[in-house]
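Values in this document were obtained by computation on a predicted structure and should not be read as measured data. Just so it is clear, the values below take in all heavy atoms, side chains as well, and ignore hydrogens, waters and symmetry mates.
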Amino acid sequence: MISSNHPLVAFIVGFGKGMGAVVAEKLKSEGFTVAVAGRSVETDEVRSKGYHPIKLDVADITAIPKAFERLENDLGPAALVVYNAYALKVAPAEDPFSLSISDYVQGTSVTGFNAFAVAKKAVEGFDKLPADTKKAFIGVGNILPFGKPWPALLSLGLGKKALCDIVQVGAEAYGPLGKRFYFAQQVTEAGGPINGADWKYWDLDAHADVFYRLWQQDKQGEWDVRFEKGGKLHV
């Protein structure tokens with residue numbers, strides 16, 4: 001068991017210059033020691049920002065436990081785990097099965113299927129933290145799991161559906177025990193999907209703020225979290 005005065009650790013799985021960077025900056029400003037995982041994170045730029053880089057290819061599910069082992073050896077268990085990994089593999093809407101098998105496997109596994117291993121190791125880490133430490137797993141979501149499949153984004157949608165199911169199961173099983181799970185996504189004021197093809201439509205600061213607010217909650221609450229530009233919850 002980790003002592004109650006141990007620094008808070010956040011682990012962002014799927015770190016890049018977009019959302020991952022903004023979320024990491026927010027969490028660091030709130031007092032977290034931030035570890036970031038990805039295929040190309042071991043850079044001077046990442047270290048100069050005060051983040052702890054852990055090289056990880058999420059497509060290799062056997063590498064995930066090793067990444068958590070390194071995290072805990074270097075910093076200790078994470079109180080907040082953010083799953084931001086995805087692989088966008090697009091096929092023509094009129095010919096969705098033209099997507100290669102390798103792209104299909106990568107798109108589904110990185111986006112969601114392999115999140116099972118991350119969630120599993122997150123819970124094991126939560127169990128090593130003091131009972132009064134807030135603990136949360138947040139999967140970065142979108143609207144794809146909740147409606148008719150998008151043929152051009154079949155692998156991404158299936159991956160996000162897997163991540164959504166993992167979060168829901170986690171929330172129901174572990175949320176009452178203080179190990180909380182959320183599938184968090186930005187939506188339009190009407191509740192529709194954001195145009196993911198252009199970052200200008202995404203409010204990255206709102207993502208970071210909502211993620212931190214979710215971690216701060218005392219109780220599980222709703223696992224399906226939708227918010228609008230500016231961070232206002234969409235109900």
message = Looking at Lys128 and Glu124, is any side-chain nitrogen of the basic one under 4.0 Å from a carboxylate oxygen of the acidic one?
response = no

request  = Assess whether side-chain contact (heavy atoms from CB on, under 4.5 Å) is satisfied between Val36 and His52, documenting all intermediate values.
outcome  = CA-CA 6 Å; Val36 297; His52 188 81; over 6 Å; no

ask   = Checking Arg180 side chain against Gln217 main chain: does a donor-acceptor pair fall under 3.5 Å?
value = yes

query = Is a side-chain donor or acceptor of Glu30 paired with a backbone partner of Tyr212 at a separation under 3.5 angstrom?
reply = no

task = State whether the number of non-hydrogen atoms from other residues, nucleotides or ligands found under 6.0 Å of Asp95 atom CG is greater than 12.
result = yes

Main-chain N/O of Phe113 paired with Ser109 side-chain donor or acceptor, under 3.5 Å = no

query = Which atoms form the tightest heavy-atom contact between Ala79 and Phe126, and what is the distance?
reply = O-CE2, 3.7 Å

message = Starting from Val82, can I reach Trp202 by hopping between I/L/V/M/F/W/Y residues whose side chains sit under 4.5 Å apart?
response = yes

ask   = Got a second to check how far Leu163's CG is from Thr111's OG1, nearest 0.5 Å?
value = 9.0 Å

Note, Thr133 side chain near Leu8 side chain (heavy atom, < 4.5 Å) = yes

query = Within a strict 4.5 Å, meaning less than it, do heavy atoms of the Gln185 and Val140 side chains meet?
reply = no

task = Check the pair Tyr83 / Ile138 against side-chain contact (heavy atoms from CB on, under 4.5 Å), numbers first and verdict last.
result = CA-CA 6 Å; Tyr83 192 85; Ile138 299 173; over 6 Å; no

ask   = When rounded to the nearest 0.5 angstrom, what distance separates CD1 in Ile61 from CG in Asn114?
value = 4.0 Å

query = In Å and rounded to the nearest 0.5 Å, what is the NE2 to CG distance from His234 to Asp224?
reply = 10.5 Å

ask   = Could Glu25 and Lys28 be called an ion pair, given the rule that one side-chain N must be under 4.0 Å from one carboxylate O?
value = no

key: Nearest-0.5 Å distance, CG of residue Leu80 to CD of residue Gln216   = 11.0 Å

query = For Lys89 and Gln106, does a side-chain donor sit closer than 3.5 Å to a side-chain acceptor?
reply = yes

inquiry  = Can you give me the closest heavy-atom contact between Ile12 and Val34, atom names plus distance?
reply    = CD1-CG1, 4.2 Å

message = Is there a path of hydrophobic side-chain contacts, each under 4.5 Å between heavy atoms of I/L/V/M/F/W/Y residues, joining Leu153 to Val105?
response = no

query = Angle class for the Phe32/Trp215 ring planes (parallel below 30°, perpendicular above 60°, tilted otherwise)?
reply = perpendicular

query = Do Tyr174 and Val169 have side-chain heavy atoms sitting under 4.5 Å apart?
reply = no

ask   = Does the pair Phe68 and Phe11 meet the rule for a ring-ring contact (aromatic ring centres under 6.0 Å, His included), with working shown?
value = CA-CA 9 Å; Phe68 273 84; Phe11 192 26; 5.1 Å; yes

ask   = For Thr108 and Ser155, which heavy atoms make the closest approach, and how far apart are they?
value = CG2-O, 3.5 Å

ask   = Going by heavy atoms in the side chains, are Leu233 and Arg213 under 4.5 Å from each other?
value = yes

ask   = Can you check whether Phe15's main-chain N or O pairs, donor with acceptor, with Asn84's side chain at less than 3.5 Å?
value = no

request  = Check for a donor-acceptor pair, side chain of Lys229 on one end and backbone N or O of Glu189 on the other, with a separation under 3.5 Å.
outcome  = no

Lys55 side chain to Arg39 backbone, donor-acceptor under 3.5 Å = yes

query = Between atom OG1 of Thr33 and atom CG of Asp74, what is the distance when rounded to the nearest 0.5 Å?
reply = 12.0 Å

task = Decide yes or no on side-chain contact (heavy atoms from CB on, under 4.5 Å) for Tyr86 and Leu88, but give the supporting numbers first.
result = CA-CA 6 Å; Tyr86 70 95; Leu88 180 59; 4.2 Å; yes

request  = Using only heavy-atom distances, determine whether the side chains of Tyr182 and Glu222 contain a donor-acceptor pair under 3.5 Å.
outcome  = no

ask   = Closest approach of Ala184 and Leu214, non-hydrogen atoms and distance?
value = CB-CD1, 4.2 Å

query = What about Phe116 and Val110, same hydrophobic cluster or not, with Ile/Leu/Val/Met/Phe/Trp/Tyr joined at side-chain heavy-atom distances under 4.5 Å?
reply = no

request  = Indicate, with yes or no, if Trp150 and Leu154 share a hydrophobic cluster defined by side-chain heavy-atom contacts under 4.5 Å among Ile, Leu, Val, Met, Phe, Trp and Tyr.
outcome  = no

ask   = From Gln186 CD over to Ile194 CD1, what is the distance, rounded to the nearest 0.5 angstrom?
value = 4.0 Å

query = Is it true that Asp127 and Lys179 have a side-chain N and a carboxylate O under 4.0 angstrom from each other?
reply = yes

ask   = Under 3.5 Å, is there a donor-acceptor pair between the side chain of Asp203 and the main chain of Gly230?
value = yes

task = Before accepting this row, confirm whether a basic side-chain N of the pair Lys121/Glu69 lies closer than 4.0 Å to the acidic partner's carboxylate O.
result = no

key: Ala162 versus Gly112, closest heavy-atom pair with distance   = CB-C, 4.0 Å

message = On the six-membered ring of Phe183, is Arg226 placed so that its NZ or CZ lies under 6.0 angstrom from the centre and within 45° of the ring axis?
response = no

message = Is there a continuous path of hydrophobic side-chain contacts, each under 4.5 Å between heavy atoms, that joins Val81 to Ile166?
response = no

query = Would a 4.5 Å heavy-atom cut-off, applied to side chains only, mark Leu158 and Tyr104 as touching?
reply = yes

ask   = Looking only at heavy atoms, what is the nearest atom pair of Pro151 and Pro96, with distance?
value = O-CB, 3.5 Å

inquiry  = So Phe227 and Val187, do their side chains get closer than 4.5 Å, heavy atoms only?
reply    = no

Residue pair His207 / Val22, side-chain heavy-atom distance below 4.5 Å = no

key: Worked verdict on Trp223 versus Phe181 for side-chain contact (heavy atoms from CB on, under 4.5 Å)   = CA-CA 6 Å; Trp223 63 266; Phe181 281 75; 5.6 Å; no

inquiry  = Can you confirm whether Phe146 is buried at CZ, in the sense that more than 12 heavy atoms of other residues, nucleotides or ligands lie under 6.0 Å from that atom?
reply    = yes

